[in-house]
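Reading through the structure tokens given below for one structure.
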Amino acid sequence: MRLPIHAITPETDYAEIVGWVHEVRDLGGLTFFLVRDRTGIVQVTMPKKKVPPAVLEAAHGVSRESVVRVKGPVKAIAKAPGGREIVPDEFEIVSIAESPLPLDVVGKVPAELDTRFDARFLDVRRPRIRAIFFIRSAVIQAATGFLYSRGFVNITTPKVVAAATEGGTELFPLAYFEKEAFLNQSPQLYKQMLMAAGFEKVFEIGPIFRAEEHNTVRHLNEATSLDVEVSFADHNDVMEILEDLIVAVYEHVADLCQDRLADLGVDLKIPERPFPRITYEEAIGIANRALGGNLSFGDDIGTAAEKAIGEAMGEHYFIVDWPTEIKPYYAMPYPDRPEIAKAFDLMHPRMELSSGAQRVHRHDLLVERIRAKGLSPESFEFYLKAFRYGMPPHAGWGLGIERLLMTMLDLGNIREAVLFPRDRHRITP
RNA sequence: GCCCAGGUAGUGUAGUGGCCUAUCAUGACGGCCUGUCACGCCGUCGACACGGAUUCGAAUUCCGUCCUGGGCGCCA
């Protein structure tokens with residue numbers, strides 16, 4: 001029976017393992033193999049004079065990264081990694097690896113991102129890279145569990161759509177039989193329509209597509225968004241849900257992924273609630289003081305300003321009360337001060353993680369807002385229709401999973417947080 | 001879209017006009033080696049993105065093409 005490698009201890013009598021040949025050290029009369037599976041690494045030690053000839057022959061023909069099956073008694077040896085090693089009485093090559101390898105799995109020689117993505121399956125064999133994706137899985141599990149525990153309904157909305165969600169971002173056009181279609185940039189319109197459906201609390205974790213020709217360490221053309229929408233809630237209510245979720249995710253990872261965090265060398269600090277809230281005006285004030293700039297009300301907060309504010313804050317924080325003008329049409333303006341909206345961004349000191357708002361739920365105001373953005377209400381008819389037959393007030397946000405992971409694990413490039421990233425230049429593998 | 005920087009063995013690098021039939025490491029192959037843990041030692045193999053130009057001479061300068069990384073704008 002196959003044993004996961006981490007289950008082998010110095011007390012184990014006998015073990016059968018299947019894994020990849022991580023390293024080979026041939027000392028002549030004695031050969032050490034390190035064999036790796038997803039749980040760990042174990043040393044397989046072959047004294048030439050003490051193992052069967054068939055084992056010797058198989059071991060001689062094996063290459064690095066081949067898949068092997070090894071059976072033998074386990075010996076407690078203080079000098080061996082993990083204090084134990086297997087002396088094989090069976091050694092079978094299950095699948096031979098070609099040589100040379102496209103990149104060094106052991107990590108003696110670094111590889112550039114591009115080389116790594118060309119052979120991503122090999123790259124991900126490296127424990128520290130694999131750790132990112134085991135943690136990513138834990139993040140999604142924690143977020144999903146948190147939302148279920150709060151009574152949310154998991155929804156799936158279409159990725160093939162007929163119209164843009166908002167004016168700004170570029171869409172990928174698609175040949176869809178005789179019609180023109182696009183890949184969706186956000187589930188925004190659909191989750192709002194499900195408020196009209198009376199679902200009250202929904203979430204979706206799924207891909208979003210942005211055809212922006214940006215080339216940065218924090219943008220992808222296909223990203224994963226965690227979207228939430230809640231009826232009878234305002235922006236403050238959903239900000240609380242968001243910070244609770246962030247903390248729950250960090251706690252889950254800190255509790256259950258200690259080994260993976262160690263693989264990455266990350267010392268995870270759990271953010272403290274409540275996250276500070278600063279207004280947009282305070283934010284540009286901080287930026288102006290730090291950079292000697294002259295941002296004024298209505299200007300976008302650029303990268304340099306964002307960085308300066310992040311440094312001043314030093315932890316997760318919200319920027320609230322944005323100018324209505326620079327937020328999407330669906331953000332609800334304050335009734336008494338319509339120039340600002342009940343919109344917020346969740347920021348990590350390094351970058352924006354999420355943005356959200358209380359939404360406009362009044363049909364006439366929504367039409368007005370759409371027009372004010374220079375868009376045509378006619379192309380949003382399928383969406384506007386949902387606002388004419390009893391639409392509850394509602395609020396929500398969208399959170400970038402890759403950015404959450406990138407900031408949590410201090411990754412240098414957002415592509416590190418995706419198994420098979422899609423950027424300006426890469427569509428394979 | 002605008003701007004900047006790059007493309008040298010399988011991988012990562014050194015090399016700014018002749019000292020380069022190109023450095024170092026890793027790797028592969030062969031040899032020696034019974035406690036390695038980036039094992040060690042000896043030997044062998046393997047590369048200047050492509051096209052053009054300048055020059056007595058180009059990996060190195062110039063032009064073009066292709067490819068890549070990054071910054072900005074915008075955003076998750």
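These numbers were taken from a predicted model, which means no experiment stands behind them. In what follows, chains carry the letters A, B, and so on, assigned in the order in which the sequence lines appear, proteins first and then strands, with residues in each chain numbered from 1.
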Side-chain contact test, heavy atoms from C-beta onward, threshold under 4.5 Å: evaluate it for Tyr330(A) versus Ile370(A) and give yes or no.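 No, too far: nothing below the 4.5 Å cut-off.
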
[X] side chain, from C-beta outward: closest of [options]:
{"X": "Ser355(A)", "options": "U34(B), U68(B), A76(B)", "result": "A76(B)"}
{"X": "Asp300(A)", "options": "C74(B), U68(B), G1(B)", "result": "C74(B)"}
{"X": "Ile414(A)", "options": "A76(B), A28(B), G12(B)", "result": "A76(B)"}
{"X": "Arg25(A)", "options": "G70(B), C74(B), C39(B)", "result": "C39(B)"}
{"X": "Lys79(A)", "options": "C37(B), C74(B), U34(B)", "result": "C37(B)"}
{"X": "Lys108(A)", "options": "G69(B), C39(B), C75(B)", "result": "C39(B)"}
{"X": "Ile77(A)", "options": "G70(B), U68(B), G35(B)", "result": "G35(B)"}
{"X": "His214(A)", "options": "U11(B), C74(B), C75(B)", "result": "C74(B)"}
{"X": "Thr303(A)", "options": "G35(B), C74(B), G1(B)", "result": "C74(B)"}
{"X": "Arg403(A)", "options": "A25(B), U68(B), C75(B)", "result": "C75(B)"}

[X] near the nucleic acid: base, sugar-phosphate alone, or nothing, with a heavy-atom cut-off under 4.0 Å?
{"X": "Ala80(A)", "answer": "base"}
{"X": "Glu23(A)", "answer": "sugar-phosphate"}
{"X": "Asn221(A)", "answer": "nothing"}
{"X": "Leu226(A)", "answer": "nothing"}
{"X": "Arg116(A)", "answer": "nothing"}

Cationic N near anionic O, under 4.0 Å, Asp410(A) to Arg350(A):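 The answer is yes: the pair qualifies as a salt bridge.
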
Will you find, in the side chains of Tyr148(A) and Asn154(A), an N or O donor that is under 3.5 Å from an N or O acceptor?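 Tyr148(A) vs Asn154(A): donor-acceptor pair found between side chains.
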
Hydrogens and angles aside, do Arg218(A) and Thr407(A) bring a side-chain donor and acceptor to less than 3.5 Å of each other? no

So, under a plain 3.5 Å distance rule, would you say the side chain of Glu112(A) forms a donor-acceptor pair with the base of U68(B)?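 Between U68(B) and Glu112(A), which were checked side chain against base, a qualifying N/O pair under 3.5 Å is absent.
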
Please state whether the base of A76(B) and the side chain of Arg210(A) form at least one donor-acceptor pair under 3.5 Å?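 Indeed, a donor on one side and an acceptor on the other fall under 3.5 Å apart.
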
Rounded to whole angstrom, note down the C1' distance from U8(B) over to A59(B).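 The answer is 7 Å between these two C1' atoms.
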
C1' atoms of C63(B) and A58(B), separation to the nearest Å: 15 Å

Determine the minimum heavy-atom distance between Val18(A) and Val67(A), stating which atoms define it.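 Where Val18(A) meets Val67(A) most closely, the heavy atoms are CG1-CG1, 4.0 Å.
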
Given RNA chain B, 5'-ward residue of the pair Leu34(A) and Asp104(A), judged by closest heavy atom: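 Comparing both residues, the 5'-ward one is Asp104(A).
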
Go nucleotide by nucleotide along RNA chain B from the 5' end; which of Arg426(A) and Thr216(A) gets its closest nucleotide reached first? Arg426(A)

Applying a 3.5 Å limit to both distances, which nucleotide forms a Watson-Crick or G-U wobble pair with U65(B)? A49(B)

Expressed in angstrom and rounded to an integer, what is the separation of Leu113(A) atom CG from U11(B) atom P? 15 Å

